[in-house]
There are 2 protein chains.
Amino acid sequence: MQGVTVTPVDAILERARVSPATLYAHFGNKEGLITQALQRRLSAWDRTWQQCIDAADTPEEKVLAVFDALAQHRRSLHPSRWCVFLGVTAEAPSRGPELEDILAGDTRLLADRLGELAAGLVGAGRSENLAQHLVLVYTGVLGMILRGADADTAIADGRRIAAITVSAFGTADA
Amino acid sequence: MQGVTVTPVDAILERARVSPATLYAHFGNKEGLITQALQRRLSAWDRTWQQCIDAADTPEEKVLAVFDALAQHRRSLHPSRWCVFLGVTAEAPSRGPELEDILAGDTRLLADRLGELAAGLVGAGRSENLAQHLVLVYTGVLGMILRGADADTAIADGRRIAAITVSAFGTADA
DNA sequence: GTCTATACAAAGATAGAC
DNA sequence: GTCTATCTTTGTATAGAC
């Protein structure tokens, strides 16, 4: 596996057993293909995460469900190295607005949904702040995978850190 | 700013105001240039971090000094987007052993030094485990910067999460 | 809708002179 | 050591037929 942007179109064509003309007829250009692929990925992640939230019992478990969802999401995919959204963000020099929107959409979904879930745990205006902390931990898990760490270990570590953080927010200090 | 691998050699030549032949005479090829540049970066980071550790008073502050070092390191550089080591790791399809070693060296330095510092805080075989947690949080900070978050805010958040985690390790649970 | 063949551009690297 | 000029490869995309 490797970066999306540096992957040549030829490699995709060979894998899909399709001619160039067919690909360009469907997606316009390479960025169009990437954009649509990422839209599908984001939708799949969204569904998996929501299911894990629904399956969790307590409000705290619902917040931490993002880590269970990550483990499950990875199992249902080809073993991609870390996170395709962060990967494309890191590589690409400049992007069109549609792709940019999808990439930001991943971060937005994380912050928004974690913010909603955190609202059930901490008071007033502190839920957004807790959500930012949790996005940081979640992102750290992905980064550890990029660093070559075992994915399951990284996810378990992240879940523990998140639990500690939630607990600290719940008691007293900011 | 953009990914290193996708940056064409021409752009580097123009910025350095040097001809292609000169560059290739010095570095052999593009990867050689990247390798040497990353070696310098790693050394600079190493020094900055060590200085921040030395400046810290308590063992706990020395562990958390990695976040102060990150803030300081960023101020001394062009405002690169996140982390050049993780960036190159994410982009590059396949790399030679020398570059691979430098990239792994960043993670190794983090894990090793944080492990040494953590040994002063927790008992027996738990220092390595705590170090892994701290690398995760540190990596999460970098990832937040990639996501577009304000760097100083992300660093402050990470420092707080790390402090909470260290505290939890110090008391009882794993 | 899909193919083959090919145009066009970008990028990494080198030759040979000074 | 550094330059100008250029070669070669790779990569994105399109033309035109079926």
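Every chain is numbered from 1, with letters handed out A, B, ... down the list of sequences. Not measured: the values here are computed from a predicted model.
- Between B:R15 and B:D10, no side-chain nitrogen of the basic residue sits less than 4.0 Å from a carboxylate oxygen of the acidic one, so the salt-bridge criterion is not met.
- Hydrophobic cluster of B:I12: the remaining members, joined at side-chain heavy-atom separations below 4.5 Å, are B:V9, B:L13, B:L23, B:Y24, B:F27, B:L33, listed by chain and number.
- Annotation: side-chain hydrogen bond (donor to acceptor under 3.5 Å, both in side chains) contacts of A:D112 (sequence neighbours excluded): none.
- For B:R47, the side-chain hydrogen bond (donor to acceptor under 3.5 Å, both in side chains) test picks out no residue, with sequence neighbours left out.
- The side-chain hydrogen bond (donor to acceptor under 3.5 Å, both in side chains) analysis of residues 58-72 of chain B, with sequence neighbours excluded, yields the pairs B:E61-B:R159, B:D68-B:R159.
- B:L23 has its CG atom 12 Å from the P atom of C:dT14, to the nearest Å.
- Nucleotide D:dT6 holds its P atom 16 Å from the CG atom of B:D10, rounded to whole Å.
- Of the residues in residues 11-19 of chain B, not one comes within less than 4.0 Å of DNA chain C through any heavy atom.
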(request) Assign a letter to each nucleotide of nucleotides 13-18 of chain D from its 5' end: B, base within under 4.0 Å of a protein heavy atom; S, sugar-phosphate only; -, no contact. (result) BBB---
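- B:F27 has its CZ atom 15 Å from the P atom of C:dG12, to the nearest Å.
- Every residue meeting the side-chain hydrogen bond (donor to acceptor under 3.5 Å, both in side chains) condition with B:T139, not counting sequence neighbours, appears here in chain and number order: A:R147.
- Looking at residues two or more places apart in sequence or on another chain, you find no side-chain hydrogen bond (donor to acceptor under 3.5 Å, both in side chains) involving B:D57.
- Relative to the side chain of A:T22, the nucleotides D:dT2, C:dC3, C:dA11 differ in distance, and C:dC3 lies closest.
- With side-chain heavy atoms closer than 4.5 Å counting as contact, directly or through intermediates, the hydrophobic cluster containing A:V6 also holds B:V6.
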